[in-house]
Amino acid sequence: MSTLSLPNDASATVDWPGRYYHIDQILNTPGPRTDPAFLAGDGVKGFLRNEAKILVIGAGGLGCEILANLALTGFKDIHVIDMDTIDISNLNRQFLFRPKDVGQPKATVAAEFIMKRVPGVKVTPYFGKIQDKDDDYYMQFNLVICGLDSVEARRWMNATLVNLVDPENPESLKPMIDGGTEGFKGQARVILPTITSCYECSLDMLNKPTAFPICTIANTPRLPEHCIEWASVLEWPRVHGDKKMDTDDPEHIGWLYKVAAARAQDFKIEGVTWSLTQGVVKNIIPAIASTNAIIAAACCNEAFKIATSSAAYLNNYFMLIGTDGVYSYTFEHERRLDCPVCGGEALEIVIAPDFTVEQMIEMLVEKQDIQIKKPSLSTPTKQIYLQAPPQLEEATRPNLEKKVSELVPPGGEITVTASTLPFSLSLRVTYSL
Amino acid sequence: MAGPDIDAATTTIVAEAPPDSKTRRYDRQLRLWAASGQNALESSRLLVISGTATSTSVLKNLVLPGIGHFTILDPAKVTPEDAGNNFFLEGPSSIGKFRAEEAVRLLGELNDGVEGKADLRSLEEVLEKDKDWLTEFTIVIAHNLEAGLLERLSALLWEDESFPPLVVVRSAGFLAEFYIQFHEHAVIESHSETASSLRIDKPFPALLDYSASLDFENMDVTDHGHIPYVYILVRVLEEWKKSHNGNPPSSYDEKKEFKKIIVGMKKKIDEENFDEAEAQAYRCWTSSTVPSEIRALFQDPKVKSLTPKSAPFFHLVAALAKFTEEQPPNTLPLTSTLPDMKASTNSYISLQKLYKARAEEEKTLFKSYLTVPVDDATIDAFVKNAHALKLLRGKRWGALDKNPSALVAAVESAPKQLSIHLSLSALSSLSTKQQPNAPLTVTVEALVAEAQALLPAGTDLPENFAEAVGEIVRAPTADLPNTAALLGGMVAQEVIKMITKQYIPIDGSCLIDLIETWTGVF
Ligand SMILES: [Zn+2]
C-alpha cells in the first residue's frame, strides 16, 4: 500500500481556533453536579488531548460509532482491535466502510477513515485477536471500550482487566466500558474491575440462546429451523466429512438451504427460506445504525466523563428498549461474591449423590450463571476430566461415567477451567439426600 | 399418531436464488422490518432543518438504512466551531463552504440509493414565500430552532391532518429533549411480544372434535408422548367443565387439581408434552376475550363515524368490532401462528393445519364485514396483529406548556423530566429575547425567571431544577458530539418507526440526561 500524506500529519495540523468550542464549554466550567476534584480548563484539556490513551475493542457496528465519537470529543491517541474483515451486510450501519472496502480488515479501514476525517487524531489499528495481546499491552491504556458481539470475547477481556489490577498500583485499574445491541434494544455499562460488578457477575442476565434438542432435529422436526439445523448439524458432516462449513460462503449456505428445504417438503413443513437458513446457521442478530449510535454514544460519553471528571459517570448499567416507545432503565448491578472472576468465593452447588461427571459437565455448559463450554474438571489432588491434550483426555475419559460423589467428598472443591477463558471457577460441592 | 387427515401435500419447492446485493446489504435490518418496512423507508422524503452535528447524526442513521430522499435546509456557512464537532464536515477544509452542501455530499457517500439535496434558503424565507413546500415531506425534523420560528413551523404543520409530523429536537451540553408532533399514528405491525390466543378455552369445532376423539388410554406409548399439549388441554378442560357447571377452574385449589389431572394422565414419567400441558394450563382459565385496549379502539370517534374516505385502518377496526360482536365466540379472529411444542411431526403439522383452516374461515368472515376494498397483505397483517393494534393520538408541540394542570402535576410526578424540559424552554425563550448575532448571555437568574414564567403563577419550580439549569448555564450552545450521536440514534429510531408504521413510537416528550445517563418520557 502506498502511503499518502494524510491531513492528520500531526505537525501539519494544529487545533484551529474554535475547534473545541462545543466541548470546551464543558471543560472550562464545572456543572452543579461535577466532582470538586475536576480541574477545569487547560489541565483537563491537556490530559484528554495529549496524554489519554484509549483502546477500542471491535471496529464493527458499535466500533465505527465509538471511534468517530472519541475522535470528535478530543481523544487523540486511540487504538482499535478487530479480527474481522468487511462484509457487504455491514454497510447498513458500519458507516466508515464503503462497498470498495468489502474484504478489507475492519480495524485498518476504520482507522484510516477516522484519521482522514478528523485531523490530528492518531488511530492505531490491530487486525487480529484480543488474545494475541499480553498484559503489558493492555497496561498502556487509560480506558477500554468494548463494542463486541461475542460473549466469549467480552468474558476474556473482562477477566484480563480484572487480573490486571494490582492493589499497589492505582494505574493498573483500567475502567472497561461495555456496549451491546440487538435490534432496537441495547445496553451500556461501566465496569471498574474489582470495584464494581464485572461482566462475569452479570452472565445470568444474558438471553439463553435457542438450542434445539438433537432428537427433535433428527426425528420429529416441526419448525423450519429444525430442518435447517438438521442440514447443518447432521447432514453437512455426513456428506462432507471433515470439510469445514463456512457460513460466509454462499455456496455452503445454498447447499444447506436446498437440503433443509427438501427435508421440510418431506415433512410438509413450511417456511424454509434462504434468509432463515442464513439466520439460523450464522446465529444472526438484527442490527441497525440507530441503536448502535445510541449505545456507542452512551459508552463514549462515559469514557469522556471518566477521562475528564467533568461529570459523574454511570453507576453502572444503562439498558434501553426501543420497540415500544423509548424505555430505559439505569441501575446499579451488584457484584457477585461468588463471581469466578472478581468474587473470590467458591460457588456452592448441590447435586444428587448419583450425579455423574458427564451430567455435571452438561450442567456447567447449560447453567445461566456459568456457561462454560468444554470445561475441564479437577480437584486439588486429582484430575477428574481434561478436554485436552488428547492423551489426558483419553486417560480421564473413564471418569465421565463415574459419580461425582465417588471422586469428591461432600464440601470438597472442584476447579473448572476452559481454554477459552483466562480464569478458573471454584465449585464447592454438596450432595442432596 | 397420524392426526386428522392431512391432505396429500402437493407443494413443490421453488428454489430461491441467493439474495441480491441490496438484500444482502440490508439483511440485518430486513430482519426487523421486512420488505414492507423497507419499501416505506425507500419512499420517504425527509426534511431536516439546519445542518448541526445533531442533525447530521440523525440523518446518518436514516441514510444508512435507505430512506428515499432528504433535504437539509440551511443557509449557513461552515464555521470553525462547526468543523470541530460535526463528523459530516471535513475539518478545516470545509470552513467557509455551505454547511448543507458539505453535509449532503458527505452523507451521500454512505448510501448510493439515497437522494440528498441542500437547500440554501432560510426557514423564514420558506415560511413566507413557499410554505406549501414544507408540507410535501414525509417528516420534518428541526434541531435547536429559534422559539418563534419553531412556533410558526409547528403551527403550519399542525393545520391539516395530512401534513407531515414534526420532530422537535433540542439540546444543550449533556441535556436534551425530543418530541414528535403528529395528529394520529396507527400501527398494525407493533411487533408485540404478547402472542395471540390459541383459544383453548373456546375451542373451534374441529379442534374440539379432534381432541374429544383421542383415545388416550389405548394409545401407543410413543404416540401418547407426542400428543401436542393443545389437544391435552382442550380435552381436560372439556371434561372438567362437564363436572363444574361448564366453568373452567377458578380458585387456586381448582387450578392445582386441574394440573394434577394432567400430570395423572402420564403413561411414563418423562412425557414432556404433559409437562408442557401443565405449564400451559393457565391458558384454560385465561379467557380469550377482546383486550380492553382493542375494545377501546372500537369506540374511537373515527370508527364510529366511518365514511368511505376513512383510512383503511379505521375500516379494518370497524369490521373487527362487528366481527367480534356478531361471530361466536365473540373474540378476535383466530391466527395460525402456533408456538413450538413437544409433538411428532405429523401431529404438529396436522394441528397447524386445523388452525390454518379455521383462521382462513374466520378471515373470510372478517372480510365480509369490510365495506371498502383493502389489499390482502394488509388484511393478513391486521388479523395477525389484531390483539396488539395501536392508535396514538398526538398533540401539538407546546401543548404541555399551555396546560397548567399538567405542568403542576408534572412538578410532583416527573420533576427531573420537567426540569430539563423547562430549562431548555427557558433557554429558548431567553435566546429569542436577545439581539440576533450578539453573543448569548445566559445566567441562572435569567433562566429561573423564564422558567418561572412558563409555570402557572404560584407554582414552585420542580426539585432538581437547579441541577438542570446549572448545566444549561455551563454549556448553553454546546452541541456535544456524544449528545448529538445519542440524539441522532434516538430520533432516527423514532422516525423509522413513524415511517414504517412498525413498532411503537414515543407518546410524549423524551428527556435525556447524559450526566446520570437516563431517559424519561412524559
Ligand atoms: Zn465479577
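Letters A, B, ... are given to chains in the order of the sequence lines, protein chains preceding strands, and every chain is numbered from 1.
The only member of B:Q502, B:Q38, B:E189 that meets side-chain hydrogen bond (donor to acceptor under 3.5 Å, both in side chains) when paired with B:W33 is B:Q38.
Annotation: maximal heavy-atom pairing with chain A below 4.5 Å, among B:I472, B:D112, B:L486, occurs at B:L486. Per-residue counts of heavy-atom pairs under 4.5 Å with chain A were compared for B:T477, B:D479, B:L480; the largest is that of B:T477. The most heavy-atom pairs under 4.5 Å with chain A, out of B:L110, B:D340, B:V521, B:D27, come from B:D340. Of the listed residues B:H191, B:E467, B:R24, the one with more heavy-atom pairs under 4.5 angstrom with chain A than any other is B:E467. Of the listed residues (B:E90, B:E516, B:K60), the one with the most heavy-atom contacts under 4.5 Å to chain A is B:K60. Chosen from B:M490, B:K342, B:E193, the residue pairing most often with chain A at heavy-atom distances under 4.5 Å is B:M490.
At a 4.5 Å heavy-atom cutoff, the contact between A:S310 and chain B is made by backbone and side-chain atoms alike. For B:P18, the parts sitting under 4.5 Å from any heavy atom of chain A are the backbone and the side chain alike. Contacts between A:R98 and chain B at a heavy-atom distance below 4.5 Å involve the side chain alone, from C-beta outward. Contact annotation for A:F304: only side-chain heavy atoms (C-beta onward) come within less than 4.5 Å of a heavy atom of chain B. Of the atoms belonging to B:S21, heavy atoms from both backbone and side chain fall under 4.5 Å from chain A. Looking at B:K22, neither its backbone nor its side chain comes within 4.5 Å of chain A, counting heavy atoms on both sides. Both the backbone and the side chain of B:A343 come within contact range of chain A, each with at least one heavy atom under 4.5 Å from a heavy atom of that chain. Proximity to chain B involves both the backbone and the side chain of A:I23, based on heavy atoms less than 4.5 angstrom apart. Heavy atoms of B:Q352 lying under 4.5 Å from chain A are absent altogether. At a 4.5 Å heavy-atom cutoff, A:Q94 makes no contact with chain B through either its backbone or its side chain. Looking at A:F318, only its side chain comes within 4.5 Å of chain B, counting heavy atoms on both sides. For B:A466, the part sitting under 4.5 Å from any heavy atom of chain A is the backbone (N, CA, C, O) and nothing else. Heavy-atom distances place no part of B:L487 under 4.5 Å from chain A, backbone and side chain included.
A donor-acceptor pair is defined here as one N or O able to donate and one able to accept, closer than 3.5 Å; such a pair exists between the side chain of A:R222 and the backbone of B:M341. A donor-acceptor pair under 3.5 Å is absent between the side-chain atoms of B:Q417 and the main chain of B:L511, judged by distance alone.
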side-chain hydrogen bond (donor to acceptor under 3.5 Å, both in side chains) evaluation trace for A:K45 with A:N28
CA-CA 9 Å; A:K45 292 179 202 170; A:N28 285 338; 2.7 Å; yes

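Identified under the ring-ring contact (aromatic ring centres under 6.0 Å, His included) test for residues 270-294 of chain A, with sequence neighbours left out: A:Y257-A:W274.
For the pair B:S419 and B:N464, the tightest heavy-atom approach, listed with the atom from each and the gap, is OG-C, 3.6 Å.
Salt bridge annotation for A:D24-A:R49: present, with a cationic side-chain nitrogen under 4.0 angstrom from a carboxylate oxygen.
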